Amino acid sequence: MTKSNFLELPAGVRLVYLAEGRANVVFRFVYISATLPVLPGNSHNGDTVPSVNGSSVPDLPVQLRGKLLRLRKEIPSGISYLEIAKNFDKVIRPLFSLEELVDQHLVCLPKGLVQHCNDLLHIGEKTGERPHKRHGVYLSVSEPMGLLVTDMTIFEHPGFSLAEFKPKWLLQSPSAPPNSRRCRTCALRDMKNKEAREAGMKEQRSFCPLDLVSDNFEDVLRAARFIKGCRDPVRLARALYRNSTLLKLKAHQAAINDVGLNGPLAQSREKSTAMILRDCTMYIKLSKDEKGPVEVRLGDLDLKTGAGGKAKYWLDLESRLILEGWYAGAHGGEKYNSRTLLSRSVRPAAPLVVICYFYSTVQVLLVYLPQNVYLRRRHQSCPGAPHHLPARQEQPRPDSKIEELVNTAILNVPSSFNTQSTRLVVLLHKEHDRLWDVVIDTMGNLVQSGAVPQDVWTNHTLPKLRGFQAAAGTILFYEDPAHIKPMSEKFATYKDHFGQWAEHSNAMHQFFLWTALESLGFGANLQHYNPLIDKPVSKEWNIPGEWRLIAQLVFGSKEGEAGEKAFKPIEERVKIFGKQ
Ligand SMILES: O=P(O)(O)O[C@@H]1[C@@H](OP(=O)(O)O)[C@H](OP(=O)(O)O)[C@H](O)[C@H](OP(=O)(O)O)[C@H]1OP(=O)(O)O
Ligand SMILES: Nc1ncnc2c1ncn2[C@@H]1O[C@H](COP(=O)(O)OP(=O)(O)OP(=O)(O)O)[C@@H](O)[C@H]1O
């Protein structure tokens, strides 16, 4: 456990405001002539000269040398420094090596120090040193401790530059919809920017975290250009490219990836660590001399719990990102920000062996497909697309026929490297009814939490869900990740593609069954209430928790034809060369 000492400030040493975040304020130790007023400081990244007439002095007591003082603010989700320090020692330290972390040690604060620093914050509001958005929140007067942290500033190192950024979510949220075009961080930024625009405030431009950890140097360079304190993007990108600390952070995030709507309750220790790893700060101190040292450390790895409304905030936020289409990029945020990798189509070509395997098996599959299929009527299930409304009465074929089709699909639909990771769950009649009760309950909770407006629910969502419930059955399409990971390990070159290829195969199962059911006289439509319903559904039917729900195909007797569909010009969408 971190030992706590008493903080003693030698005569002439003053605390000077450096910077702050939502939860903490950071001060420097500066020698100051006693006659000068103590004013809040200034930017610490070397852009400006300290406004106080003083300097950090090398012969500060050993305890304070190379350190900053971090003090805790009074906020609803605040956690005592004792708890933060305990968690840091027990959970965070073992994940990284000493030189990868902004180190921290508890100190007992002398009487009156917090009050003095609060006075500095008040002055800072008047002088404009304190960012406007932080005004009105001050240090906790009930917190007896402070943290001495490794000083990454460059006041004493003129030959260096300091870059600072939050890596945030280096992986997509596991509950992001399958059609996502934005990563979790870009989706949230888009959402916040819309709110900022509407409030007449400035939008935030930043990088896509997936760029930071990309294997493509150009992606990393694009990210580096957005980083605060970046003097030379190419040099910074070189320091970041395949950076071991960044990759380690990503690996730890991947190991605790039950975030978003997935995994344990928001109050759990596991969720807390997952969220800590997604909200830390990386400092990169670069020598101006190309051959000089590079120091990379992670800071702000503070304990988070679900307390003070955080748990609800995390869940509500993910629901909003999903329901309001921020993951889908439905609001065009790309114009303002770096583009998330998910929206790019540049992917290395699939290996020939995979393509050949796909084609040969597709040929086998085509034998099963009925000839009288009008593909024009198959629509995507996005909101607004016309649907067949299937109903329960006069089911055109017996359940045994459905079973046969499903078995045919699972045996014959191809998968890359024959991974066979798709799983199908068929719910018929009463079981189908229960499924749509589960969906209605889950969506109803969103109305109660305010995420879905009551009138949208009453007039639109609920009648639609009751319509699906009136059908005969639903096929649930899952992916079992247990069959994807070993392939990624075995074929390292394609490791990043197996997930995507599995989704392709899953979509082929959907296409096959939709088409086959329609050809037998059923009406069908495809829905996506995942990931919202994943948990209650796996509980209800005892489905392995690791399986990921991808889509729900609802079918029954056909109630009328599908609605009209607008077509974009064929010439824009099809190119034929060498036609005779
Ligand atoms: O919710 P997010 O992803 O915006 O992250 C919050 C951060 O916003 P950011 O996106 O980095 O600008 C936010 O940072 P800022 O206020 O923007 O400095 C905090 O770090 C907040 O954590 P906490 O409440 O201090 O424990 C962060 O909250 P957590 O969600 O990590 O708890
Ligand atoms: N060890 C450090 N070296 C240099 N600068 C630092 C250090 N620690 C903090 N800072 C500066 O102070 C700012 C706020 O610090 P910190 O991240 O601890 O606040 P926070 O309230 O925890 O932030 P958040 O809003 O992310 O929760 C940082 O963005 C950085 O500019």
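None of these values were measured; they are calculated from a predicted model. In listed order, ligands and their atoms are each counted from 1.
The protein heavy-atom contact nearest to atom 26 (O) of ligand 1 is K304 NZ, 2.7 Å. Scanning the protein for heavy atoms near atom 19 (C) of ligand 1, the closest one is D279 OD2, 3.7 Å. Nearest to atom 15 (P) of ligand 1 among the protein's heavy atoms is R134 NH2, 3.5 Å. Shortest contact from atom 13 (C) of ligand 1 to any protein heavy atom: K166 NZ, 3.7 Å. Closest to atom 28 (O) of ligand 1 among all protein heavy atoms lies K310 NZ, 2.9 Å.
Checked against N193 for a side-chain contact (heavy atoms from CB on, under 4.5 Å), the options M191, E195, R189 give a single hit: R189.
Residue-level proximity to ligand 2 for T150 is carried by the backbone, the only part with a heavy atom below 4.0 angstrom. At a heavy-atom distance under 4.0 Å, atoms from both the backbone and the side chain of N24 approach ligand 2.
Taking only nitrogen or oxygen atoms, main chain and side chain alike, L162 does not reach within less than 3.5 Å of ligand 2. Of the N or O atoms in R134, none lie within a sub-3.5 Å distance of an N or O in ligand 2. Polar contact with ligand 2: absent for D151 (N/O pair, distance under 3.5 Å). Annotation: R22 places an N or O atom under 3.5 Å from an N or O atom of ligand 2; distance criterion only. An N or O contact shorter than 3.5 Å links R70 to ligand 2 by distance. At least one N or O atom of A23 sits closer than 3.5 Å to an N or O atom of ligand 2. When only interatomic distances are considered, the shortest N/O to N/O separation between W314 and ligand 1 falls below 3.5 Å. At a 3.5 angstrom cut-off on N or O pairs, D279 does not count as close to ligand 2.
In terms of heavy atoms, P531 sits closest to L261 at CG-CD1, 4.2 Å. Of all non-hydrogen atoms in S161 and I154, the two that sit nearest each other are CA-CD1, 3.9 Å. Shown here for R235 and D289, the closest heavy-atom pair between the two residues is NH2-O, 3.7 Å. When every heavy atom of Y138 is checked against every heavy atom of N118, the shortest pair comes out as CB-OD1, 3.1 Å.
Taking every heavy atom of Y313 and a limit of under 4.0 angstrom, the matching atoms of ligand 1 come to 1 (O), 2 (P), 4 (O), 30 (O). Each of the atoms 3 (O) of ligand 1 lies under 4.0 Å from some heavy atom of R184. Contact atoms of ligand 1 toward L188: 2 (P), 3 (O), 4 (O) (distance under 4.0 Å to a heavy atom of the residue). Which parts of ligand 1 touch K192 is read off a 4.0 Å heavy-atom cut-off, strictly below it: atoms 4 (O), 8 (O), 9 (P), 10 (O), 12 (O).
Of the possible donor and acceptor atoms, none in the side chain of K248 sits under 3.5 Å from a partner among the backbone N and O of F96.
Residue A19 holds the heavy atom nearest to atom 12 (O) of ligand 2 of all those in A19, C280, G66. Of the candidates G21, G299, G229, G21 brings a heavy atom nearest to atom 19 (O) of ligand 2.
Within the 4.0 Å heavy-atom cutoff, K73 does not count among the residues contacting ligand 2.
Checking S97 against E100 by side-chain atom types alone, a donor-acceptor pair falls below 3.5 Å. Of the N and O atoms on the side chains of Q104 and Y81, not one donor lies less than 3.5 Å from an acceptor on the other residue.
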